[in-house]
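Notes follow once the structure below has been shown.
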There are 2 protein chains.
Amino acid sequence: MSERSARERILDAAHQLVLQRGFAATTVDAVLAEASASKGAFFHHFPSKAHLGRALVERYAEGDAQALETAMSAAEAETDDPGEQLVCFLRSFEEGAEAVLKIQPSCLFISFIYETELADAGTDDIVARSILHWRERILDKLEQAAADRPALRAVDLPSLADQLFTVFEGAFLLTRALGDKDAMGRQLSHLRHYVELLVSRG
Amino acid sequence: MSERSARERILDAAHQLVLQRGFAATTVDAVLAEASASKGAFFHHFPSKAHLGRALVERYAEGDAQALETAMSAAEAETDDPGEQLVCFLRSFEEGAEAVLKIQPSCLFISFIYETELADAGTDDIVARSILHWRERILDKLEQAAADRPALRAVDLPSLADQLFTVFEGAFLLTRALGDKDAMGRQLSHLRHYVELLVSRG
């Protein structure tokens, strides 16, 4: 088995364990057992548990940025109007919620935001940069959409851009707390509806 | 010092530590040091760390239910219209966000939803009941408001009621991740605005 695959196996196992129990409660031994990897392989790739945490968050943020671009490109292919593009973009997350929950029962960021154990390993910066990247990409569309929509210009657009993060994370918690896999899509539908109302008011 | 005050000191210390680092990473020793309490006092009140967790979540859920009633009663005193009452109710959280963040930098529920260590101590049920209590109270108003508002009736009302939990929790994470204490109020303002638009459309 290649070195890369051992590294990926460790990251995949750690990812699942952190989603299940949080980072602090995830031991290196549990990760090794889940990944069928040796301690030697682990420390070859990750000098410490903190390094593993950082690599996990980096990988997650990259996947997250790709998901953003995929959804935005699809929306841009649908329509030329930035306001309608945003509604399409939000609808794609709403419609994809069930598929997302099958792959990940929660969001890795929640653990790293809530547990401060890792703050010194730089994960805070990666999470914040990821949030701001989504904000910028969505804000850009909102500003374009607001150019000919006075009602939309009356709304605070940067915080509206952040609503997707807020609703996603809150909905992960709601879904998990209630054990209701439909909750995620329903919560996202309200954000889509809100933006739809703002965009349609002109 | 009375027994009660030792118990409260332990709960207060544990509360702050869990908000800072999560439940798994909060050791009994750290709680004792923070509370200036003895191991004997701790185990007199809490036979195990799991019992402490359960007591913490119970106390938090009680405070949460009181906050709901306080805000709803104030809104009911403002106006007789259920739709306007809801807007008032949501506005009170929006306007109180800064004060809430001064008392608590995050929400205790997040740790207990995310970390499964405590699932066997019944905290899951307390959290779920608390969420459903808020849903029922808000849904009741939404249904009253929808009676003479067809546009509101077209919206899925139970999930709209859950939006307050979703936005609150997501906004706690956003606020913490960005270190931006104004983020909470801004996120809540969008939920208030959305409900305002739905209510005013009739």
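- For B:R129, no part lies under 4.5 angstrom from a heavy atom of chain A.
- The contact between B:F165 and chain A is made entirely by side chain atoms (from C-beta outward), counting heavy-atom distances below 4.5 Å.
- Using a 4.5 Å cut-off between heavy atoms, B:S106 contacts chain A through its side chain alone, with no backbone atom that close.
- At a 4.5 Å heavy-atom cutoff, the contact between B:L19 and chain A is made by backbone and side-chain atoms alike.
- Heavy atoms of B:I113 lying under 4.5 Å from chain A belong to its backbone as well as its side chain.
- Remark: the B:Q16 side chain and the B:D12 side chain contain no N/O donor-acceptor pair separated by less than 3.5 Å.
- Heavy-atom distances place the side chain of B:V155, and not its backbone, under 4.5 Å from chain A.
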Result block: side-chain N/O donor-acceptor pairs under 3.5 angstrom for residues 92-100 of chain A, not counting sequence neighbours:
from: A:S92; atom 1: OG; to: A:F89; atom 2: O; distance (Å): 2.6
from: A:E94; atom 1: OE1; to: A:R192; atom 2: NE; distance (Å): 2.9
from: A:E94; atom 1: OE2; to: A:R192; atom 2: NH2; distance (Å): 3.0

Under 3.5 Å donor-acceptor pairs involving side-chain atoms of residues 25-35 of chain B, not counting sequence neighbours:
from: B:T26; atom 1: OG1; to: B:G22; atom 2: O; distance (Å): 2.7
from: B:T27; atom 1: OG1; to: B:A30; atom 2: N; distance (Å): 3.0
from: B:D29; atom 1: OD1; to: B:K39; atom 2: NZ; distance (Å): 3.2

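- Neither side chain, A:W134 nor A:D162, offers a donor N or O lying under 3.5 Å from an acceptor on the other.
- Side chain to side chain, A:S130 and A:H133 fail the donor-acceptor criterion of an N or O pair below 3.5 Å.
- Contact of B:V167 with chain A is made through backbone and side chain together, with heavy-atom distances under 4.5 Å.
- The candidate from B:D182, B:V18, B:I110, B:V127 with the greatest count of non-hydrogen atom pairs under 4.5 Å with chain A is B:I110.
- Of the charged side-chain nitrogens involved, at least one lies within less than 4.0 Å of a carboxylate oxygen, so that A:R149 and A:D81 count as a salt-bridged pair.
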